[in-house]
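Following: one structure in C-alpha cells, then a few remarks.
Throughout, numbering of the chain's residues begins at 1 and tracks the sequence. What you are looking at is a predicted structure, and each value in this text was computed from that prediction instead of being measured.
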Amino acid sequence: MTLTLPGFDHVRLPGAGGVELAAAVGGRGTPVVLLHGFPQTHLMWRHVAERLAAEHTVICPDLRGYGASDKPAATGPDVYAKRTMAADVVALAAALGHERFALVGHDRGALVAFRAGLDHPETVTHLGILDIVPTLDMWNVLRGASAAVGYHLFLMAQPPGLPETMIARSADAFFGSFLDAWADDPAALPEDVRAVYLRASAAAVTSIVADFRASAGIDVVHDQADLDAGSQLAMPVTVVQQDWGAQLGYDAAGVWKAWAPDLDHRLTRAGHFMAEEAPEEITAAIRDLLAR
C-alpha cells in the first residue's frame, strides 16, 4: 500500500530547468510550502500538514533528487545547488497560482528554504527552519572530534564514484542508521513509514550524494557571497532546533541572528525528526510564525 497524505491531491508540476516535482497539495487559504529533510520524503509532514490544512493551502513537494520527483544527472555543480532547488520551489508554487507563500523546511529542505529566502525575498513571506544552521556556518562549527556527528557530510563531499558505490552497497544500513540515531522517539517513525524512507533513499543514492556534494562546494560559494555582501533574510524567521550550540560549542541563536534580524529562535526537546516526534509543537511554532 502506498502511503499518502489523506485528503491531499498528489500532482506533478514543473520546477526549474525542465525538472518535474511530485507534491501533495491540500487545504484552503494562504499558501504554506513544507520541504522535507534527509533521509525522507514529503511524507514526514503528514501530521503537521493535516493540522495546517485547516486554515492554509499546504504544499508538500519531494525535493529534486528525492522521493517521486525527477532526479537529473549532476552534470554540473548547479544541478543540485540549493539555489537551483529553491528555484524549483518558486516555480512549483507559481504553477499552482501562488506568487507569494510562507516556506518551512527541515534539514536539507531547510537549506533550500534558507536559500529561497535570500534569493526570493519578494516571494517568501515567512521562513521556518527546523534543525540546521546555514551551510557556511555548518562547516565552520564542525570542528575536532565533535565533527564525527556529521561524518556523512564529509563522506558525500568526496568526488563522484566512491561515496555512491559505498552507500549503494549498504543503502538500508546507511540510511537506516540516521533514522535510528536521530530519532529520540522511534515510535514516531513506524515501520511502514520507515520502509517508505528506506525504499525512496535507496532509489536515489546518486542524486542524494549530489545534493550533499553541492553543500561542500557551490552552496558554500553562494553563502559566502551573501555574507560578504551583507545580505540578510528580510522576512520573519522562526528557527526550531535541538541544542546543537551546547553540544558543539557555538552560539546557535547568535549564528542565526546574523542572518535573520526578525528572529524567533526556539530549542526543542524533541529529536531531529521533530515534525514527526512533536507535531503539535512544530505546528504551533509555524502558526506563531505566520501570525507575525
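Within the 4.5 Å cutoff, no side-chain heavy atoms of I286 are placed close to those of D288. Residues L5 and L43 meet the side-chain proximity criterion, which asks for heavy atoms closer than 4.5 Å. Using a 4.5 Å heavy-atom cutoff, the side chains of V255 and W244 are not in contact. No side-chain heavy atom of Q158 sits under 4.5 Å from any side-chain heavy atom of V209. At least one side-chain heavy atom of F154 sits under 4.5 Å from a side-chain heavy atom of L142. L153 has its side chain within reach of M138: a pair of non-hydrogen atoms, C-beta onward, lies under 4.5 Å apart. Residues E122 and H120 have side chains in contact (heavy-atom distance under 4.5 Å, counting atoms from C-beta outward). Two residues are said to be in side-chain contact when any heavy atoms from C-beta on lie closer than 4.5 Å; I59 and F101 fail this criterion.
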Open item on the list: Is there a side-chain contact (heavy atoms from CB on, under 4.5 Å) between W256 and I129? Walk through the geometry before answering.
Closed with: CA-CA 10 Å; W256 275 108; I129 299 289; 3.6 Å; yes
- [ ] Run the numbers on R100 and T30 for side chain to side chain donor-acceptor pair (under 3.5 Å), then give the verdict.
- [x] CA-CA 9 Å; R100 286 169 57 81; T30 55; over 6 Å; no
Task: Evaluation steps, side chain to side chain donor-acceptor pair (under 3.5 Å), between H106 and D131 - done: CA-CA 7 Å; H106 172 255; D131 220 28; 5.4 Å; no
- [ ] For the pair R115 and D223, evaluate salt bridge (Lys or Arg N to Asp or Glu O under 4.0 Å) and give the outcome as yes or no after the intermediate values.
- [x] CA-CA 8 Å; R115 177 45 53 191; D223 279 12; 2.8 Å; yes
TODO: Apply side chain to side chain donor-acceptor pair (under 3.5 Å) to E99 and T123, showing your working.
DONE: CA-CA 6 Å; E99 299 301 325; T123 301; over 6 Å; no
Open item on the list: I'd like to know whether H272 forms a side-chain contact (heavy atoms from CB on, under 4.5 Å) with Q242, so could you lay out the CA-CA distance, the side-chain angles of the two residues, the decisive distance to 0.1 Å, and finally the verdict.
Closed with: CA-CA 7 Å; H272 177 66; Q242 300 176 87; 3.5 Å; yes
- [ ] Output, in order, the C-alpha distance, side-chain angles, deciding distance and verdict of side-chain contact (heavy atoms from CB on, under 4.5 Å) for H42 and L34.
- [x] CA-CA 8 Å; H42 75 277; L34 305 177; over 6 Å; no
Task: side-chain contact (heavy atoms from CB on, under 4.5 Å) assessment of L290 paired with V32 - done: CA-CA 9 Å; L290 298 176; V32 180; 3.8 Å; yes
Open item on the list: Please determine whether ring-ring contact (aromatic ring centres under 6.0 Å, His included) holds for the pair F114 and W259, giving the CA-CA distance in whole Å, both sets of side-chain angles, and the decisive distance to 0.1 Å.
Closed with: CA-CA 10 Å; F114 172 74; W259 290 102; 5.1 Å; yes
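Nearest heavy-atom pair, I208 versus G65, reported as atom, atom and distance to 0.1 Å: CG1-O, 4.1 Å. Taking each heavy atom of S215 and V220 in turn, the nearest pair found is O-CG2, 3.5 Å. Annotation for P72 and V19: closest pair CG-CG2, 3.9 Å, computed over non-hydrogen atoms. Nearest heavy atom pair, residue A24 against residue F8, reads C-CD2, 3.8 Å. Shortest non-hydrogen contact noted between L155 and P163 is O-CG, 3.3 Å. The two atoms that bring L35 and V112 nearest to each other are CD1-CG1, 3.9 Å, heavy atoms only.
Looking at T283, its side chain never comes within 3.5 Å of a backbone N or O of E280 through a donor-acceptor pair. Put simply, the side chain of H36 never gets that close to the backbone of M44: no donor and acceptor are under 3.5 Å apart. A side-chain donor-acceptor contact under 3.5 Å links D62 to the backbone of A68. Remark: the backbone N or O of H47 is paired with a side-chain donor or acceptor of R51 at under 3.5 angstrom. Of the possible polar contacts, one joining the K257 side chain to the P261 backbone as a donor-acceptor pair under 3.5 Å is found.
Annotation: the span from L103 atom CG to L127 atom CG amounts to 6.0 Å, rounded to 0.5 Å. Atom OG1 of residue T57 and atom CG of residue L52 lie 11.0 Å apart, to the nearest 0.5 angstrom. With rounding to the nearest 0.5 Å, the separation of OH in Y197 from CG in D192 is 10.0 Å. For the atom pair H222 NE2 and L227 CG, the distance stands at 14.5 Å (nearest 0.5 Å). A distance of 7.5 Å separates CG of D107 from CZ of F38, quoted to the nearest 0.5 Å.
Salt bridge absent: E55 and R28 never bring a charged side-chain N and a carboxylate O closer than 4.0 Å. The pair R46-E276 meets the salt-bridge criterion, since a charged nitrogen lies less than 4.0 angstrom from a carboxylate oxygen. Under the 4.0 Å criterion applied to side-chain N and carboxylate O atoms, R213 and E164 are assigned as salt-bridge partners. In summary, R269 and D243 do not engage in a salt bridge, as defined by a charged side-chain N under 4.0 Å from a carboxylate O.
Annotation: side chain to side chain donor-acceptor pair (under 3.5 Å) contacts involving residues 229-241, sequence neighbours excluded, comprise D226-S231, T238-R292, Q241-H265. Within the structure, every pair that satisfies the side chain to side chain donor-acceptor pair (under 3.5 Å) test and touches residues 63-81, not counting sequence neighbours, is listed here: R12-D70, R64-D88, Y66-D211.
Within a 6.0 Å sphere centred on CE of M235, other residues, nucleotides and ligands contribute more than 12 heavy atoms.
Linking ILVMFWY side-chain heavy atoms closer than 4.5 Å, directly or via other members, places Y250 and V149 in a single hydrophobic cluster. In the hydrophobic clustering of this structure, V221 does not group with L136; members are Ile, Leu, Val, Met, Phe, Trp, Tyr whose side-chain heavy atoms approach within less than 4.5 Å, directly or through other members. Clustering ILVMFWY residues whenever any of their side-chain heavy atoms sit less than 4.5 angstrom apart, transitively, puts V89 in a cluster other than the one holding L289. Note on I218: it does not cluster hydrophobically with L118, by side-chain heavy-atom contacts below 4.5 Å among ILVMFWY residues. I282 and L267 end up in different hydrophobic clusters when Ile, Leu, Val, Met, Phe, Trp and Tyr side chains are linked at under 4.5 Å.
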Indicate every side-chain donor-acceptor pair of residues 177-184 with a distance under 3.5 Å to a residue at least two apart or in another chain.
from, atom 1, to, atom 2, distance (Å)
S177, OG, F174, O, 2.6
D180, OD1, R194, NH1, 2.9
D180, OD1, R194, NH2, 3.4

